[in-house]
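Note sheet for the following structure.
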Amino acid sequence: MPQDKDIGIRKEYQPTDKEKEALDHVYRNRYLAMKDAPDRIEAQRKWDKADRQYETWRQNRADIHKEEWQSNHVVPLTFSVIETAKSEMIDQNIMPLIIGRGSEDIPRARIMYHTFKYTWEVANSDLMMYDVYNDLLVRGTAITQEYYKQDKRIIQSVEVDDNRKTKITERDVMDYDNVYGEIVKLEDFFVDEKARSMRGAYAARDCIRRYIINIDDFKNFFRGPVWDPMNRAQYVKAGGDINYYEFYKPPDGIDKSKDVEVLWYWAKYPKDRLIIVANDVVVKDGPNPYKHKELPFCRAVDVKRPHKFYGKGEAEILESVQDENNTLRRMIIDRNHLDIDKMFLVSNRLSLSDEDLIARPHGMIPVDDPNAAKPVEYNDIPRSVELSLKHLEDDGTISTGINPRSQSLPQAGSATEAAILKESTLKRIRLKLWLIRKEFMVDLARLRVSNIIQFYSQPKLEQIVGKADSEDYKREVDKLKAQGLYEEIEGKGYGRKYPRISMKDSQMEFDAAGKPVETSGRGYSFFNLKPEFFLPEDKEGYDIRFEADTNVQISKALQQSKNLELWDRVMQVAQTVPNSYDPIKLTDRIIRDNDIDPYELRPAEVQQTEQEQRLGMAVDLAGMENKMMIQGKQVPATAYAPPAHTRIHIEFMHSDQFQKLPQDSPIVQVFTDHVVGE
């Protein structure tokens with residue numbers, strides 16, 4: 001160990017005693033212990049082989065000293081089994097149920113459910129799940145991180161002043177600013193060497209995620225008081241001589257002149273802690289910034305090893321079958337090559353070269369004795385070789401429970417019989433999905449719901465642009481004040497902005513007491529997510545559960561066929577037994593299965609009648625709201641109210657009863673807030 005005076009980094013960066021303790025704890029104690037854990041070393045040794053096996057990687061003939069005619073064919077067995085399993089798993093509905101822990105939280109839990117679905121779409125979590133399935137099937141283990149992501153960058157703009165002079169201005173923009181789930185590369189994740197899972201018994205006490213990033217990207221991210229509270233990022237430099245550092249050793253395989261190795265150390269025990277170190281510099285040392293105070297990572301495994309952290313993947317299960325298949329298939333192909341381009345038995349008195357014996361069209365070998373050169377004839381491949389290949393294929397199916405060929409062949413019988421057959425052949429996939437729901441998705445949903453509660457409860461502030469004495473500025477301020485969204489900080493006006501949540505085929509309305517009520521509808525609808533809509537009364541939050549579903553979901557075409565079978569049988573009952581089943585609803589179900597809105601196929605008279613009924617309901621609701629507001633009760637604005645609904649409020653405000661109210665009456669403000677909100 002060099003002395004402090006010989007350490008180059010100490011000439012600029014002089015850590016405090018607490019920072020030295022943090023550097024020693026992360027680099028020497030935890031990072032080395034996690035990286036050198038026997039369980040991880042054993043698993044990491046198999047990851048590279050599993051990747052090659054899945055990608056049907058072939059060695060060059062020259063590297064393995066093979067001739068051009070010798071085969072290096074790779075049977076795509078592992079690839080086909082994993083792709084078959086992945087194609088079935090990706091179609092499954094794994095969205096959790098979010099349940100309140102008390103009757104008062106039931107409507108809030110429904111709001112949270114739709115918010116969770118909204119963040120799932122915004123973060124493109126379906127694509128993340130594809131990567132999860134790929135990692136766990138190939139390598140046996142998949143790791144994801146749940147956090148709040150802010151993808152910030154600097155953009156430049158050219159502005160022209162009154163003197164027609166140009167200047168370049170810079171400002172920050174957010175490409176992404178929301179909760180996020182991300183797949184983590186296993187080589188960059190290091191977990192407590194004694195851990196068997198992320199949560200529960202033998203849970204991980206701490207973990208490290210490693211990043212290799214460009215020095216410019218590092219400087220861009222670690223600026224400001226949030227991630228660089230001690231102003232230490234300025235001392236971080238890329239690469240350098242190994243003697244330049246005290247605790248850190250530059251890893252191999254990176255551009256030491258441009259890249260920085262950043263370690264995020266997360267601890268749960270003995271107390272929550274987050275330490276960020278970059279090339280021997282402590283950038284941040286403090287508590288876990290997330291209110292859940294958990295390690296923000298989730299683990300999914302293919303075949304669970306109860307006493308180990310890393311699971312077993314399909315590639316490892318098929319390893320021996322894959323190797324034997326490759327060997328036999330290569331031998332068969334080599335034999336076919338020799339049969340097509342034969343060897344010859346020649347007299348030692350003939351002066352023939354190797355080129356003379358190469359088979360070619362119209363080729364001729366001039367010899368005195370026609371029997372002097374004879375090709376070597378090979379017997380046909382014995383039946384035992386074919387049986388051996390068949391047994392290997394059976395071994396692959398027995399070990400994984402997946403037969404890619406049977407999944408691609410057409411099945412006879414009814415749609416119900418086909419669904420039953422498919423379910424029986426995919427029981428192993430059903431087991432994997434059960435484990436993913438119980439262990440992985442529950443943890444993921446709890447972390448994400450906690451992050452939604454933490455970060456969505458604080459509205460974002462957008463500064464009102466323009467001159468304070470302009471009419472546009474005053475009009476915007478009055479509008480925000482009427483909606484209760486105006487806030488002034490240090491003499492500057494801001495508008496509070498809440499997340500806007502989208503819903504499909506339903507809409508969220510709020511009753512007179514402000515409680516959310518979900519109603520059916522068509523297309524997409526939106527509502528502003530205010531904290532009082534989703535913050536639970538119970539401090540413990542929400543329960544995360546999954547419905548008891550033991551059936552593997554079938555394809556859409558097969559589901560359409562099953563619904564047609566149901567329609568054929570039930571429609572007969574609906575037509576013969578009055579008031580038993582609704583033929584219209586039965587037919588609507590079939591039409592929806594074909595991605596068509598049944599409303600579009602209704603006669604024009606029926607459509608008009610339904611519109612009139614909805615309009616009448618909206619008008620009646622406006623009358624009820626007027627009666628409540630004239631009594632001074634606060635009634636939230638009705639979301640997506642038609643113009644006729646709002647017009648009822650406006651006409652009431654022009655009535656004699658309303659005009660007699662004093663201008664400073666709180667009832668006037670109640671009506672104004674309601675109408676402006678609509």
Side-chain angles (χ1 to χ4, degrees), residues 29-51 53-54 78 81-82 85 89 94 131-146 183-210 265-270 272 294-322 395 398-402 427-447 544 546:
N29 296 338
R30 301 308 302 132
Y31 187 40
L32 289 179
M34 295 176 186
K35 187 166 57 174
D36 296 337
D39 189 18
R40 176 184 171 80
I41 293 175
E42 179 186 357
Q44 191 170 4
R45 194 163 41 240
K46 300 175 182 178
W47 294 340
D48 184 62
K49 182 174 179 57
D51 290 340
Q53 195 173 315
Y54 167 69
T78 304
V81 168
I82 290 176
M89 296 170 73
I94 59 171
D131 295 333
V132 169
Y133 293 142
N134 189 84
D135 271 7
L136 69 90
L137 290 171
V138 176
R139 294 180 160 197
T141 308
I143 300 293
T144 65
Q145 182 177 2
E146 282 292 322
I183 188 75
V184 179
K185 190 177 180 181
L186 288 178
E187 285 84 352
D188 293 335
F189 182 76
F190 305 87
V191 72
D192 177 12
E193 65 276 11
K194 297 179 181 178
R196 300 180 186 177
S197 61
M198 292 305 301
R199 270 159 282 277
Y202 297 96
R205 298 170 58 88
D206 54 2
C207 63
I208 292 176
R209 183 175 179 184
R210 171 179 178 260
Y265 171 78
W266 300 86
K268 185 177 178 181
Y269 299 104
D272 66 281
E294 299 280 348
L295 302 180
F297 297 93
C298 305
R299 182 198 65 157
V301 295
D302 182 17
V303 178
K304 186 181 176 78
R305 290 171 164 138
H307 305 294
K308 292 187 177 182
F309 183 84
Y310 298 98
K312 182 190 289 286
E314 302 301 302
E316 184 180 349
I317 296 173
L318 292 169
E319 182 178 345
S320 62
V321 178
Q322 179 76 62
D395 289 342
I398 293 170
S399 59
T400 63
I402 303 169
K427 285 188 175 181
R428 294 284 184 89
I429 294 179
R430 189 173 64 189
L431 174 62
K432 300 178 193 302
L433 291 171
W434 178 87
L435 184 59
I436 289 173
R437 288 191 180 103
K438 293 295 184 181
E439 188 175 47
F440 173 75
M441 279 303 300
V442 169
D443 286 348
L444 184 150
R446 285 174 178 165
L447 293 178
I544 309 299
F546 283 90

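Just so you know, these numbers use all the heavy atoms, side chains as well, and skip hydrogens, waters and symmetry mates.
A salt bridge is absent between Glu187 and Lys35; no separation between the charged side-chain nitrogens and carboxylate oxygens falls under 4.0 Å. Here Arg446 does not pair with Glu294 in a salt bridge; the nearest charged N to carboxylate O distance is not below 4.0 Å. Here Glu42 pairs with Lys308 in a salt bridge; the nearest charged N to carboxylate O distance falls below 4.0 Å. Between Asp135 and Lys185 there is no salt bridge, since none of the side-chain N atoms of the basic residue sits less than 4.0 Å from a carboxylate O of the acidic one. A salt bridge is defined here as a Lys NZ or Arg NE, NH1 or NH2 lying under 4.0 Å from an Asp or Glu carboxylate O, and Glu439 with Arg299 meets this definition.
Looking only at side-chain heavy atoms (C-beta outward), Glu146 and Asp443 stay at 4.5 Å or farther from each other. At a threshold of 4.5 Å between non-hydrogen side-chain atoms, the residues Trp266 and Gln145 count as touching. Counting heavy atoms from C-beta outward, Arg30 and Cys207 have side chains that stay 4.5 Å or more apart. Side-chain atoms of Phe440 and Val132, non-hydrogen and from C-beta on, do get closer than 4.5 Å to each other. Considering only heavy atoms from C-beta on, Met89 stays 4.5 Å or farther from Ile94 through its side chain. For the pair Arg40/Met34, no side-chain contact is recorded, criterion being any heavy-atom separation below 4.5 Å from C-beta on. Considering only heavy atoms from C-beta on, Asp192 stays 4.5 Å or farther from Phe309 through its side chain. Using a 4.5 Å heavy-atom threshold, the side chains of Arg205 and Lys268 count as separate.
Nearest heavy-atom pair, Phe189 versus Val191, reported as atom, atom and distance to 0.1 Å: CE2-CB, 3.8 Å. A pairwise comparison of heavy atoms in Ala315 and Ala50 identifies CB-CB, 3.7 Å as the closest pair. In this structure, Leu186 and Thr141 approach most closely via the heavy-atom pair CD1-O, 3.4 Å.
Note that the CZ atom of Arg139 and the CG atom of Asp48 stand 8.0 Å from one another [nearest 0.5 Å]. In this structure, Ile436 CD1 and Leu444 CG are separated by 11.5 Å, a value rounded to the nearest 0.5 Å. Taken from OH in Tyr31 to CG in Asp36, the straight-line distance is 10.0 Å, to the nearest 0.5 Å. Separation of atoms CG (Leu435) and CZ (Arg437) is listed at 11.0 Å; rounding is to 0.5 Å. With rounding to the nearest 0.5 Å, the separation of CG in Leu318 from OH in Tyr54 is 13.5 Å. To the nearest 0.5 Å, atoms CZ (Arg199) and CG (Leu295) are separated by 6.5 Å.
With sequence neighbours excluded, no residue forms a salt bridge (Lys or Arg N to Asp or Glu O under 4.0 Å) with Asp131. The ring pair (Phe, Tyr, Trp, His ring centres under 6.0 Å) check on Tyr265 picks up His25, with sequence neighbours excluded. Annotation: side-chain contact (heavy atoms from CB on, under 4.5 Å) contacts of Asp302 (sequence neighbours excluded): Leu136, Leu137, Glu314, Lys432. Under the side-chain contact (heavy atoms from CB on, under 4.5 Å) criterion, Lys312 pairs with Val303, Arg305, Glu316, Ile317, not counting sequence neighbours. Looking at residues two or more places apart in sequence or on another chain, you find no ring pair (Phe, Tyr, Trp, His ring centres under 6.0 Å) involving Tyr133. For Tyr310, the ring pair (Phe, Tyr, Trp, His ring centres under 6.0 Å) partners are Trp47, not counting sequence neighbours.
A donor-acceptor distance shorter than 3.5 angstrom exists from the side chain of Gln322 to the backbone of Thr78, with no hydrogens or angles considered.
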